[in-house]
Amino acid sequence: MRVAVIDYDKCNPDKCGHFLCARVCPVNRMGGEAIIIDEENYKPIIQEASCTGCGICVHKCPFNAITIVNLPEELDEDCVHRYGVNAFVLYRLPVVKKGTVVGILGPNGTGKTTAVRILSGEIIPNLCGFNDSWDNVIKAFRGNELQNYFEKLKNREIKTVVKPQYVDLIPKAVKGKVRDLLKRADQRGILDKLIKELELENVLDREIQHLSGGELQRVAIAAAMARDASFYFFDEPSSYLDIRQRLKAAKAIRRLAEEEKAVLVVEHDLAVLDYLSDIIHVVYGKPGAYGIFSMPKGTRVGINVFLNGYLPDENVRFRPYEIRFTKKSERKSQVGEVLVEYPDLVKDYGEFKLEVEGGELYKGEVVGIVGPNGIGKTTFVKMLAGVEEPTQGKVEWELEVSYKPQYIKADYEGTVFELLSKIDAAKLMSNFYKTELLNPLGIPDLYDRKVEELSGGELQRVAITACLLRDADLYLIDEPSAYLDVEQRLAVSRAIRHLMEKNEKTALVVEHDVLMIDYISDRLMVFEGEPGKHGRALKPMGMREGMNRFLANIGVTFRRDPETGRPRANKEGSVKDREQKEIGEYYYVET
Ligand code: ADP
Ligand code: ADP
Ligand code: SF4
Ligand code: SF4
């Protein structure tokens, strides 16, 4: 079975020499019609039945607009939804089970949101034909666990609630005070409990317009949970939350399942997903072209299968390599040249006071920064950069700092290429930056896109690239993982590490995804204290010491999965949790 997908946002028949694909197609040249031209819409259409899958059009199209894939015939009957001719195809759906949290894990663009839109009743799946009724869907799912679900959905016996992915967009749709929004949502009468649990007391009287991303995220989770429904969908609940908040949100979401609700969660922070889910579906495919939901698996196995890139029971290898989290060897950067040695510093804003323990940063290293939001991380770097004058202590150098803030705005009129060229056109053309940064982050594919029209994940990759293209001594990158999938998180981590090492620069990376912190950091800086009131920045320390210090603060222990080396949070009060706490090893224990 052949699937041909054309990205019409990229296709530009006038700029490729007038429908180049149709002119080079061997079937067309022999008088056949694999590619026809839709004169009305001025675009090519690939007729999958006539196409031989030779791939010539794929390689010739100057804009990489065409994808052709050969898929097993059996999949044909599992086709759930296709957005249109030569558009994205979704195969199979996740299960929805009462009393169960079902986790979904897979790359962006493989149909996770599409599945959520189907299961929430927002779109009737067309079964890849011209179907537009729930009756046909029910017929097609006869004997499947979802048959009953769709029957209820059709009869409106199921109420669903969706916590959307992009919480930054909420202020555009909803105005007013947080308290009023939450009160309107509170059909279950559990608001007081949620406010406490998600620590929303301080934002209740604030306007939604004035909330930070992390606050919006917690308000959105609370609003979804407060509604009375049988099925709850959470699309990336952890973006912008610090680790403690992530685990609290995860606990709250888990409680829904304990109350016999069905819960579906899309999440790319593997430690959180692991902690949250009872079962996992891996989604694989080719982003933008097709996506396939795997059979459900136990959480540990599901995440490992995803990292292994291989589904044993379906005998499908969906990634040519395995992802492993192994202990890094100590890096040379720790004995490299000192970038800066800073003394004890204090910054007193009145309401907020930050104390910094003197320390040093080395050239070529990546220092992970862990700690809650609002604890003074940005203030610390501003002092290093000489932007903020310390209240006590002296900063006697001038470091050039390049900064990627936690919340990024698409306030640039123009294309990605124009934006990045203005920063450094030469680097954009250099092979070094192409290999180390631009290609791994998939930036060339975005060159012609308008910055304002990028999705959250695309914008994040562009913002990270922009930050790394600037000349600086010190790079401060705040939550690079937001809206990125697991592979993109690893690609970003590798890019940052390689650039720092090879250019002998220093990066401070604020991150809340434990696996990414583990993967990216040479050393750790721990920030402690009370967010918004006082913070204390400890000097950079080794990974083991830093993770122990930080995890002891939040009372969570991690073990390593023996197969993949990934860190897994221990259940609170479990034997491992108690043992590790007793010996003070919150993190690096093997097995
Ligand atoms: P994910 O949630 O896994 O990132 P989505 O379900 O949002 O993936 O999207 C999968 C693919 O479907 C994307 O490539 C997207 O471009 C495409 N798609 C989404 N909505 C539409 C639509 N309304 N029409 C055509 N294509 C769409
Ligand atoms: P983080 O980067 O850890 O999220 P920040 O350094 O941005 O934290 O802020 C820490 C605290 O300092 C916050 O409560 C913030 O409101 C406060 N703060 C930051 N800048 C100023 C300023 N210029 N004047 C007064 N308070 C400030
Ligand atoms: Fe030209 Fe590519 Fe569009 Fe075909 S798909 S018309 S080659 S731009
Ligand atoms: Fe024609 Fe080959 Fe492209 Fe199919 S893959 S449309 S046969 S050029």
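Numbers for residues simply follow the sequence, beginning at 1. Order of appearance sets the numbers: ligands from 1, and atoms from 1 within every ligand. What you see is a predicted model; the values in this text were computed from it and never measured.
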A.B. asks: Please work out which of Gly291, Gly109, Pro287, Gly106 has its closest non-hydrogen atom nearest to atom 1 (P) of ligand 1.
C.D. replies: Gly109
A.B. asks: Is it the case that the ring center of Tyr166 lies less than 6.0 angstrom away from the ring center of Tyr483?
C.D. replies: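 Yes: the rings meet the under 6.0 Å criterion.
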A.B. asks: Which atoms of ligand 1 sit under 4.0 Å from any heavy atom of Thr114?
C.D. replies: 5 (P), 6 (O), 9 (O)
A.B. asks: Going by distance only, is there an N or O of Ile375 that falls short of 3.5 Å from an N or O of ligand 2?
C.D. replies: yes
A.B. asks: What residue and heavy atom of the protein are closest to atom 27 (C) of ligand 1, and at what distance?
C.D. replies: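 Minimum-distance protein heavy atom for atom 27 (C) of ligand 1 reads Tyr83 CD1, 3.3 Å.
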A.B. asks: Give yes if a backbone or side-chain nitrogen or oxygen of Asn373 is under 3.5 Å from a nitrogen or oxygen of ligand 2, and no if not.
C.D. replies: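 No: no nitrogen or oxygen of Asn373 is under 3.5 Å from one in ligand 2.
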A.B. asks: Can you find a protein heavy atom under 4.0 Å from atom 22 (C) of ligand 2?
C.D. replies: yes
A.B. asks: In terms of the angle between their ring planes, are Tyr83 and Phe88 parallel, tilted or perpendicular, with boundaries placed at 30° and 60°?
C.D. replies: tilted
A.B. asks: Measuring only between side-chain heavy atoms, which start at C-beta, is Phe233 closer than 4.5 Å to Ser120?
C.D. replies: yes
A.B. asks: Please check if the distance between the ring centroids of Tyr149 and Phe141 is under 6.0 Å.
C.D. replies: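 Not close enough - the centres of the two rings lie 6.0 Å or further apart.
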A.B. asks: Under 4.0 Å from atom 16 (O) of ligand 1, do we find at least one protein heavy atom?
C.D. replies: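 Protein heavy atom within 4.0 Å of atom 16 (O) of ligand 1: absent.
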A.B. asks: Hey, does Gly111 sit under 4.0 Å from ligand 1 if you only count heavy atoms?
C.D. replies: yes
A.B. asks: Relative to the heavy atoms of Asn108, which atoms of ligand 1 are at a distance of less than 4.0 Å?
C.D. replies: 4 (O)
A.B. asks: Any cation-pi pair here, Lys163 with Phe234, using under 6.0 Å and within 45°?
C.D. replies: no
A.B. asks: Can you name the atoms of ligand 4, numbered from 1 with element, that are less than 4.0 Å from a heavy atom of Pro26?
C.D. replies: 8 (S)
A.B. asks: Determine whether the aromatic ring centres of Tyr342 and Phe380 lie less than 6.0 Å apart.
C.D. replies: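 Aromatic pair counts; centres sit under 6.0 Å.
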A.B. asks: Give the atom numbers and elements of ligand 2 that come within less than 4.0 Å of a heavy atom of Gly376.
C.D. replies: 1 (P), 3 (O), 5 (P), 6 (O), 8 (O), 10 (C)
A.B. asks: Run through the protein N/O/S atoms less than 2.8 Å from atom 3 (Fe) of ligand 4 and write them out by chain and number.
C.D. replies: Cys57 SG
A.B. asks: Do Tyr240 and Tyr407 have ring centroids that are under 6.0 Å from one another?
C.D. replies: yes
A.B. asks: Out of Phe527, Phe380, Phe352, whose heavy atom is nearest to atom 12 (O) of ligand 2?
C.D. replies: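 Going through Phe527, Phe380, Phe352 one by one, Phe352 has the nearest heavy atom to atom 12 (O) of ligand 2.
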A.B. asks: Can you tell which of Gly457, Gly84, Gly288 gets a heavy atom nearest to atom 13 (C) of ligand 1?
C.D. replies: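 Considering heavy atoms of Gly457, Gly84, Gly288, the nearest to atom 13 (C) of ligand 1 sits in Gly288.
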